[in-house]
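First listed ligand is number 1; within each ligand, the first listed atom is number 1.
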Amino acid sequence: MNPAQQAKEIYRDKYSTISRYVDILSTKGIDWGLIGPRERDRLWDRHVLNSAALADLIPEGAHVVDVGSGAGLPGIPLAVLRPDLDITLLEPLLRRHAFLTETVDDLGLEGRVHPLRGRAEDCDKTFDVVTCRAVANVTKLLRWCTPLFYPHGRLIALKGSSVDQELADASRLLESSRLEASVFQVRAHPLAEVTQALVLEPLR
Ligand SMILES: C[S@@+](CC[C@H](N)C(=O)[O-])C[C@H]1O[C@@H](n2cnc3c(N)ncnc32)[C@H](O)[C@@H]1O
């Protein structure tokens, strides 16, 4: 079963919306330089399914901020899959913010998905969940994002094989921030590639 078919199984009646998003990424996303042209054949697995793999870690009805959302990843695939979520797409760059605004309107998500232009460290709102992918190492994420979710929420970051080293480098900061880290192996579909999710939560 190919990744688009896997997505069809998990998105069900929302498949046409996520399919439209993939179309936008493969056209305007590439034209505007937000997605590399070599990604065109890997949009379903590397972007949609990889993002959707975080869904089970997000509580029902959560207010989420996707920090450094870029072209909307992982925020938009999560928003389409989970109509219960309210998601802010935080992105400092003008062009990317414009892309997010147009894309959210195109997909009809504007009631509960909010593009916001800015940097994480300048944002004064708080959320139940912070998501991020490919934005910064754990030390920087802690500095920028802890105020966005502390003391009641959690940060969920898609991370590659560097996560153990990043956690070791950030160990003192983690301790002084009174946060604990857990790493989960997750996937959106039983046949999808496994991906790593780092969860940072306040110590109880
Ligand atoms: C490599 S891109 C990743 C985009 C997207 N998350 C993805 O996985 O495709 C990193 C993004 O983080 C944004 N960014 C960089 N520093 C940031 C900060 N301090 N606060 C919020 N976003 C930031 C950049 O503008 C860029 O869009």
Under a 3.5 Å threshold, I'd like every N/O contact between ligand 1 and protein atoms, with atom names and distance.
residue	atom	partner	partner atom	Å
ligand 1	6 (N)	G68	O	2.8
ligand 1	6 (N)	L73	O	2.7
ligand 1	6 (N)	R133	O	2.9
ligand 1	8 (O)	R133	O	3.4
ligand 1	8 (O)	R133	NE	2.6
ligand 1	8 (O)	R133	NH2	3.2
ligand 1	9 (O)	R133	NH2	3.3
ligand 1	19 (N)	R119	NH1	3.3
ligand 1	19 (N)	E121	OE1	2.9
ligand 1	20 (N)	A120	N	2.9
ligand 1	25 (O)	E91	OE2	2.7
ligand 1	27 (O)	E91	OE1	2.7
ligand 1	27 (O)	E91	OE2	3.2
ligand 1	27 (O)	R96	NH1	2.8

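- The side-chain contact (heavy atoms from CB on, under 4.5 Å) with H114 is formed by just one residue from the set L100, L89, V104, D86; it is D86.
- The two residues I76 and A71 come nearest to each other via the heavy atoms CD1-O, 4.2 Å.
- When all heavy atoms are compared, the tightest approach of P77 to Y11 is O-OH, 2.8 Å.
- Between W32 and F99, the ring-plane angle classifies as perpendicular under the 30° and 60° cut-offs.
- Between I10 and L49 the shortest heavy-atom distance is CD1-CD2, 4.0 Å.
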**Item:** Derivation of the salt bridge (Lys or Arg N to Asp or Glu O under 4.0 Å) call for D45 and R42
**Value:** CA-CA 6 Å; D45 57 343; R42 303 222 45 199; 2.8 Å; yes

